[in-house]
Amino acid sequence: MKKPNAYLDPATQEKILAVTRSGVGRDEATGFFRVALGLHYLAGLMTKDKLDFAALDREYNRFVYHAIGKGHSITSILQYMSGEKVIRVVDSPRFLQAFDTHCTEVPVQNIPFLLGLNLGVAKDLSGIDVRGAVADWIEKQRILREEAELAAQALKTGQPGVI
């Protein structure tokens, strides 16, 4: 069984706090913290190992409490990441630069996938309708990625692409 804090060791905690410090003002910094931590949590679920969710959540909740205080949990962070406010963070060049610099073990290009994973889990657990701003943002990112791939292919082959 995987250690519950395998993705939340002191070095990872410091990386998340470095992303947090990149935020300007309390609200932005808190948003940066939530998204950076949530992305790490979701990336950590991508394993074939059996996870002890009670221990895993306890470890994350302890870090959340120490970092931003009571009233927050990994559950509330994942809920935040399924709502419209997350878009301001994942569209922030400051967040993307900080996350790319400090959290290299979770590639920035995986953010749409991880947000989609979070939406899927939210739908399965609570039956909520996952259509909305986050789903629209994920779709927009898919289209942008495909257009970029077509343009790169056109440049590579020397053929003009239609974009």
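In the hydrophobic cluster analysis, where Ile, Leu, Val, Met, Phe, Trp and Tyr join through side-chain heavy atoms closer than 4.5 angstrom, L144 is grouped apart from L115.
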message: Using the rule given for side-chain hydrogen bond (donor to acceptor under 3.5 Å, both in side chains), can you reason through T101 versus Q97, listing the C-alpha separation, both sets of side-chain angles and the distance that settles it, and then say yes or no?
response: CA-CA 6 Å; T101 299; Q97 177 64 44; 3.0 Å; yes

field: Trace of the side-chain contact (heavy atoms from CB on, under 4.5 Å) decision for T104 with F99
entry: CA-CA 7 Å; T104 55; F99 193 77; over 6 Å; no

CA sep, side-chain torsions, deciding dist, call: F32, S22, side-chain contact (heavy atoms from CB on, under 4.5 Å): CA-CA 8 Å; F32 283 17; S22 299; 4.2 Å; yes

query: Between S82 and V134, is a side-chain contact (heavy atoms from CB on, under 4.5 Å) present by the stated rule, with each step listed?
result: CA-CA 7 Å; S82 64; V134 178; 5.6 Å; no

- prompt: Does the side-chain contact (heavy atoms from CB on, under 4.5 Å) test come out yes or no for L42 and V106, once each step is laid out?
  reply: CA-CA 10 Å; L42 292 165; V106 182; over 6 Å; no

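Using a distance-only test at 3.5 Å, with no hydrogens or angles considered, a donor-acceptor pair links the side chain of E28 to the main chain of V24. A donor-acceptor contact shorter than 3.5 Å links the side chain of T20 to the backbone of I16. With hydrogens and angles disregarded, no donor-acceptor distance shorter than 3.5 Å links the side chain of N118 to the backbone of L114. Remark: side-chain polar atoms of D52 are paired, donor with acceptor, to backbone N or O of A55 under 3.5 angstrom. Without hydrogens or angle criteria, S76 side chain to H72 main chain gives no donor-acceptor distance under 3.5 Å. Side-chain N or O atoms of D100 include none that pairs as donor or acceptor with a backbone N or O of P107 at under 3.5 Å.
The shortest heavy-atom contact between A67 and L17 is CB-CD2, 4.1 Å. Taking all atoms of both residues into account, the shortest heavy-atom contact from A36 to V19 is CB-CG1, 4.0 Å. For G44 against T47, the heavy-atom pair with the smallest separation is O-CG2, 3.6 Å. Across every non-hydrogen atom of M81 and G38, the tightest pair is SD-CA, 3.4 Å. Here the closest heavy-atom approach between residue R34 and residue I77 is recorded as O-CG2, 3.1 Å. The two residues V90 and F95 have their closest heavy-atom pair at CA-CD2, 4.4 Å.
Checked for salt-bridge contact, E14 and R21 meet the test: a charged N lies under 4.0 Å from a carboxylate O.
Counting heavy atoms from C-beta on, the side chains of M46 and F113 come closer than 4.5 Å. Taking the side chain as every heavy atom from C-beta outward, R62 and H66 approach each other to under 4.5 Å. Taking the side chain as every heavy atom from C-beta outward, F63 and I74 never approach each other to under 4.5 Å. L8 has its side chain out of reach of L56: every pair of non-hydrogen atoms, C-beta onward, lies at least 4.5 Å apart. Taking the side chain as every heavy atom from C-beta outward, R142 and P112 never approach each other to under 4.5 Å. E147 has its side chain within reach of I143: a pair of non-hydrogen atoms, C-beta onward, lies under 4.5 Å apart. Under the 4.5 Å side-chain criterion, counting only non-hydrogen atoms from C-beta, I138 is in contact with L119.
The CD atom of Q13 lies 10.5 Å from the NE2 atom of H40; values are rounded to the nearest 0.5 Å. A distance of 9.5 Å separates CG of D9 from CD of E59, quoted to the nearest 0.5 Å. Taken to the nearest 0.5 Å, the NZ atom of K85 stands 11.0 Å off from the OG1 atom of T30. Considering CD1 of I68 and CZ of R26, their distance stands at 9.0 Å, rounded to 0.5 Å. Interatomic distance, NZ of K15 versus CG of L37, reported as 14.0 Å (0.5 Å rounding).
Checked options Y65, F53, Y41; the residue passing with Y60 is Y41 (criterion: ring pair (Phe, Tyr, Trp, His ring centres under 6.0 Å)).
With a 6.0 Å radius and a threshold of 12 heavy atoms from other residues, nucleotides or ligands, E84 has its CD atom at or below the threshold. Environment of CG in D27: sparse, with no more than 12 heavy atoms of neighbouring residues, nucleotides or ligands closer than 6.0 Å.
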